[in-house]
Amino acid sequence: MRQTNFNLFYKIVKAETHRLLHYPIALLIIGITFISPIIGLKLYHPIPSTSSSTYIVSLNSAYLGNFVLTGALIGSISFALLTALTLNRDRHARIDPILQAILPPYYTILSRVFSLLILALFTQGITLLLWLPYTIHKMDFHFRLDWYLQFYLIVMLPALIFAILFVASIYQICCHFELSLFSFFVITLCSLIIWYSKWMLRWINPPIISLSDDFGNYRLFLTLCYNRLFLFCFTTGLFALSFLWNRRYQKNWFRSIPYNLKKWQYPLFGVLFLSLSVFCYIWQPFFDHSGYATNNGSYSFEYSDYVFWNSISAEITPHPNTGRISGKAIYHIENTSSTEETIQFSIVPGLTIKSVLWDGNPIPFQDLHNDNRNRKNIEITIPALSAKDMTIVWSGFPQEWNILSATPGSLEISKDYLYLLGPTLMPQPETFTKRSSLEPTVDIKITLPSGITPVFFGKVYSVEQLEETKSGVIWHITNFSPNIYLYGGNYTFETIDLEKDSSVRFYYSNTQKDLMEEYQVDELLKQIFLYCNSHYGHLNFEGENGLSLIEILSIGGGYAGRGSSVMGEDSFYRQNFEDTLKGNGGDEVLAHEIIHQWWGLGNMFPIEDFEDLWSSEGLTVYTTYRLMKELYGAEYAEKNYIAIWQQKLADYYQNFYVRHPEYFHLLPKNYQDLLTNNFYRIRQYCEMPLKILKAEQLVGGEEAMDQILSSLFQRELDPSYPYLTYDDFLNACNLTREDLNIELTNNESNLY
């Protein structure tokens with residue numbers, strides 16, 4: 001009997017699939033779906049730009065991320081419509097009572113949904129084959145087949161499946177074509193707009209803020225897979241449960257439930273999968289429970305006057321295939337008090353302490369689960385008047401800070417990239433300090449994947465490669481503190497000697513080597529640092545032996561301190577080097593990005609406001625112009641900088657919506673936003689440098705302006721508001737805002 005039922009079901013599915021493949025609307029939807037990714041090339045950019053000057057993203061984001069997300073959006077809408085049309089066909093033709101007399105309704109619904117799923121798989125296969133040659137051509141050596149397949153199969157294909165299951169579920173509940181589609185469009189809008197910060201609920205646009213070209217995307221892959229697992233459980237459970245409302249014997253939905261309960265397997269299956277989705281939502285392993293709090297009482301403590309640590313020895317193993325990390329550390333701890341003392345270690349949420357031994361004997365410990373700013377505390381009580389070795393064993397999957405849930409992927413542990421900061425690397429002594437010692441007393445052995453080179457934010461005492469094993473390469477690190485920030489990637493570096501006992505070491509991805517050689521990064525860095533050091537002063541985070549510049553897996557700026565400065569990989573996109581508002585060529589754009597070390601990191605600026613042009617960009621563009629003027633002469637700088645600023649600004653003031661703002665407010669909101677961003681970047685990158693240039697003329701020339709900027713750069717900072725403001729600049733120049741107004745001349749091409 002079961003074999004007969006299966007054969008019948010198989011025949012119905014086969015017939016439905018054959019019908020769909022000859023259904024003109026279905027063929028149209030298949031065509032729209034596999035062609036739709038091309039819309040992500042120009043018309044729709046779901047991945048945001050990493051630059052305010054123009055649309056700049058990585059190659060993977062441009063030709064993979066935008067394509068896949070666009071295909072997911074248009075494809076899911078198309079298949080939602082096809083699902084509603086398919087399920088409503090019998091009711092629309094008024095033959096559903098006849099069909100129910102021939103076949104059980106379960107066969108009809110299941111066979112049609114299965115045939116739609118087969119069609120979705122077929123469409124996805126065509127899409128993969130269609131865009132493969134184009135993607136390979138555009139991405140060149142950055143292309144990776146595994147990433148290509150994973151993103152299409154993790155993002156786009158599940159979106160089609162979820163659309164089919166969701167619309168089929170709603171249709172079974174309400175038996176209404178328009179209401180089913182309306183429900184789908186409501187949940188689609190929620191996914192795109194309302195649930196933007198709810199990464200688990202974003203079924204059509206999963207949280208992809210950027211895709212890396214130079215480093216890893218493994219953590220992002222895992223996050224996307226989990227998002228899809230949750231949504232698969234939810235939509236499958238909803239679909240199975242919706243069979244309870246299947247109309248029977250021409251009765252309404254309520255009176256049909258008792259008949260449908262006879263097939264108890266369907267609702268039981270639905271409840272099971274919905275329960276699994278709830279479990280997935282509550283117990284997700286990727287983000288901690290810090291929330292948006294920046295501080296709370298759980299992290300207020302005083303250092304112990306009686307407990308100290310003298311040395312630390314650790315063996316640490318990241319597991320790139322799973323994104324986990326494990327390790328064992330021995331802390332030599334001394335308690336000088338005559339009573340027991342309670343001490344705390346800090347560790348990243350997601351990591352679990354397996355055991356704590358005091359002189360080889362197990363002792364109790366407590367995980368406080370007080371997640372705050374991506375840390376939690378482990379509390380341990382140690383005996384009085386003792387100096388022993390404490391051994392801590394830990395492992396787990398490090399969780400990211402909850403406030404970053406819309407932009408996952410920073411805590412990467414993979415074969416491509418590693419980011420291990422202090423409490424992710426190992427438990428950090430929190431409420432007790434080190435006894436003073438001039439010797440490096442932290443000894444770490446860490447096994448990294450082959451091909452991964454460790455680079456450190458801040459100086460470590462020593463690092464050396466010990467041996468290569470089957471599991472990777474063992475590196476030996478010694479330092480004075482366990483609070484180590486380690487980046488691991490396919491790094492190469494350039495060392496540039498500047499002045500006596502001063503140098504810059506620039507670490508970047510080996511995939512960028514040809515690009516850096518093309519733009520002669522070693523000579524360029526030397527010119528930039530010598531110019532800015534002599535005109536404005538040395539960077540306040542430059543170490544005694546110089547500065548390390550490090551490219552990292554990040555977008556949107558960087559941070560600096562302890563002799564190191566990190567820059568997101570978006571600063572080194574080839575597409576970024578073609579931005580004429582930042583420089584005349586790729587080397588000049590690279591110079592612009594490096595000059596941000598002075599104006600952006602060396603001096604922070606208030607949060608940008610579209611009503612205010614003052615930002616780090618104005619001074620950075622002006623400084624780039626001055627550097628190029630010194631290198632190539634006044635005529636070159638006039639032609640490739642000042643003339644471009646003037647022309648761009650003249651075009652801006654001639655724009656219809658600038659001259660007639662009353663019409664600007666009549667435009668659709670999305671078009672207003674597009675124009676506002678475009679207008680702002682022109683004024684930020686062109687008008688503000690012209691204002692600074694005018695200020696230069698009013699204060700007495702370049703030397704006077706250099707003295708003013710040098711005094712601003714080296715000023716004493718106010719800790720409560722350490723930002724360089726426009727008023728600070730105007731006061732230093734003894735000017736007003738009105739003094740720097742730019743006036744158009746009659747020919748509208750020369751602004752002052």
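For reference, positions follow the sequence shown, starting with 1.
For W614 (side chain) and L724 (main-chain N/O), a donor-acceptor pair under 3.5 Å exists by modelled atom type. Judged purely by atom type and a 3.5 angstrom limit, D367 uses its side chain to pair as donor or acceptor with the backbone of H369. Side-chain atoms of R373 never come within 3.5 Å of backbone atoms of S290 as a donor-acceptor pair (strictly under, hydrogens ignored). The backbone N or O of L211 sits less than 3.5 Å from a side-chain atom of S61, completing a donor-acceptor pair. T424 places no side-chain N or O within donor-acceptor distance of the main-chain N or O of L420, the cut-off being under 3.5 Å. Panel note: side chain D371, backbone K376; no donor-acceptor pair is recorded below 3.5 Å. Without hydrogens or angle criteria, R324 side chain to H319 main chain gives no donor-acceptor distance under 3.5 Å. Formation of a donor-acceptor pair under 3.5 Å by the D213 side chain with backbone atoms of S58 is not found in this model. Checking side-chain atoms of D288 against main-chain N and O of R375 turns up no donor-acceptor pair under 3.5 Å. Looking at Y148, its side chain does come within 3.5 Å of a backbone N or O of L128 through a donor-acceptor pair.
Ring orientation note: the planes of F286 and Y226 are nearly perpendicular, at an angle over 60° on the 30°/60° scale. Classified by interplanar angle (parallel below 30°, tilted 30° to 60°, perpendicular above 60°), the ring pair F605/W599 is perpendicular. The aromatic rings of W203 and F162 sit perpendicular to each other, their planes meeting at more than 60°, with 30° as the lower class boundary. Classification of the F679-Y652 ring pair by plane angle, with boundaries at 30° and 60°, yields perpendicular.
Atom CZ of R683 is separated from atom OH of Y680 by 9.5 Å, given to the nearest 0.5 angstrom. Here CG of L675 is found 6.5 Å from CG of N655. Values are rounded to the nearest 0.5 Å. The distance from the CG atom of L613 to the SG atom of C686 is 11.0 Å, given to the nearest 0.5 Å. To the nearest 0.5 Å, atoms CG (L121) and CG (L160) are separated by 9.0 Å. The CG atom of L231 sits 10.0 Å away from atom OG1 of T236, with the distance rounded to the nearest 0.5 Å. Rounding to the nearest 0.5 Å places CD1 of I413 at 8.0 Å from OG1 of T322.
Taking 4.5 Å as the limit, every side-chain heavy atom of L201 sits out of range of all side-chain heavy atoms of S191. Contact check for T86 versus F79: no side-chain heavy atoms found under the 4.5 Å cut-off. Residues Q124 and L153 meet the side-chain proximity criterion, which asks for heavy atoms closer than 4.5 Å. Using a 4.5 Å heavy-atom threshold, the side chains of Y218 and Y417 count as separate. Counting heavy atoms from C-beta on, the side chains of D570 and S210 never come closer than 4.5 Å. Between Y63 and L41, the closest side-chain pair of non-hydrogen atoms falls below 4.5 Å. Counting heavy atoms from C-beta outward, L553 and E569 have side chains that approach closer than 4.5 Å. You'll find the side chain of R228 reaches within 4.5 Å of the side chain of P206, heavy atoms only.
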Just do the side chain to side chain contact (heavy atoms under 4.5 Å, CB included) check on L82 and L119 with the steps written out, would you?
CA-CA 11 Å; L82 181 60; L119 202 66; 3.6 Å; yes
Would W199 and F287 count as a ring-ring contact (aromatic ring centres under 6.0 Å, His included) if you check the C-alpha gap in whole Å, the side-chain angles of each, and the deciding distance to 0.1 Å?
CA-CA 10 Å; W199 70 278; F287 298 95; 5.2 Å; yes
Decide yes or no on side chain to side chain contact (heavy atoms under 4.5 Å, CB included) for F656 and F664, but give the supporting numbers first.
CA-CA 9 Å; F656 175 82; F664 175 82; over 6 Å; no
When you look at Y419 and Y487, which way does the ring-ring contact (aromatic ring centres under 6.0 Å, His included) test go after all the steps?
CA-CA 5 Å; Y419 174 43; Y487 309 98; 5.4 Å; yes
Q597/M567 under side chain to side chain contact (heavy atoms under 4.5 Å, CB included): CA gap, chis, key distance, verdict:
CA-CA 9 Å; Q597 299 293 311; M567 304 172 65; 3.6 Å; yes
Output, in order, the C-alpha distance, side-chain angles, deciding distance and verdict of side chain to side chain contact (heavy atoms under 4.5 Å, CB included) for L238 and L165.
CA-CA 8 Å; L238 182 64; L165 293 177; over 6 Å; no
List the steps, then state whether ring-ring contact (aromatic ring centres under 6.0 Å, His included) holds for Y171 with F177.
CA-CA 7 Å; Y171 186 85; F177 175 81; 7.9 Å; no
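Counting heavy atoms of neighbouring residues, nucleotides and ligands inside a 6.0 Å radius, atom CZ of F273 exceeds 12 of them. Under a cut-off of 6.0 angstrom, the local environment of OH in Y726 is crowded, with over 12 non-hydrogen atoms contributed by other residues, nucleotides or ligands. Within 6.0 Å of the CZ atom in F279, the count of heavy atoms belonging to other residues, nucleotides or ligands does not exceed 12. Atom NE2 of H660 has more than 12 heavy atoms from other residues, nucleotides or ligands within 6.0 Å. Heavy atoms of other residues, nucleotides or ligands lying less than 6.0 angstrom from CZ of F185 number more than 12. In the displayed structure, Y663 atom OH is contacted under 6.0 Å by at most 12 heavy atoms of other residues, nucleotides or ligands. By the neighbour-count criterion of 12 heavy atoms within 6.0 Å, atom CZ of F114 is sparsely surrounded, having that number or fewer from other residues, nucleotides or ligands. More than 12 heavy atoms of other residues, nucleotides or ligands shown are found within 6.0 angstrom of OH on Y152.
Residue R144 is tested with D416, N217, N60 for a side chain to side chain donor-acceptor pair (under 3.5 Å); the sole match is D416. A side chain to side chain donor-acceptor pair (under 3.5 Å) with Y685 is found for one member of H592, K648, E617 and no other, namely E617. Across I29, T123, T83, a single residue satisfies side chain to side chain contact (heavy atoms under 4.5 Å, CB included) together with S78, and that is I29.
Across V57 and P48, no two heavy atoms sit closer than the pair CG1-O, 3.4 Å. Closest of all the heavy-atom pairs between L274 and L241 is CD1-CD2, 3.7 Å. For the residue pair E400 and R219, the shortest heavy atom distance occurs at OE2-NE, 3.3 Å. When every heavy atom of S346 is checked against every heavy atom of P423, the shortest pair comes out as O-CB, 4.1 Å. Nearest heavy-atom pair, A163 versus S76, reported as atom, atom and distance to 0.1 Å: CB-O, 3.4 Å. For the residue pair A159 and A72, the shortest heavy atom distance occurs at CB-CB, 3.8 Å.
A side-chain N or O of D214 and one of T511 form a donor-acceptor pair less than 3.5 Å apart. Side-chain contact, S509 with E551: no donor N or O sits under 3.5 Å from an acceptor N or O.
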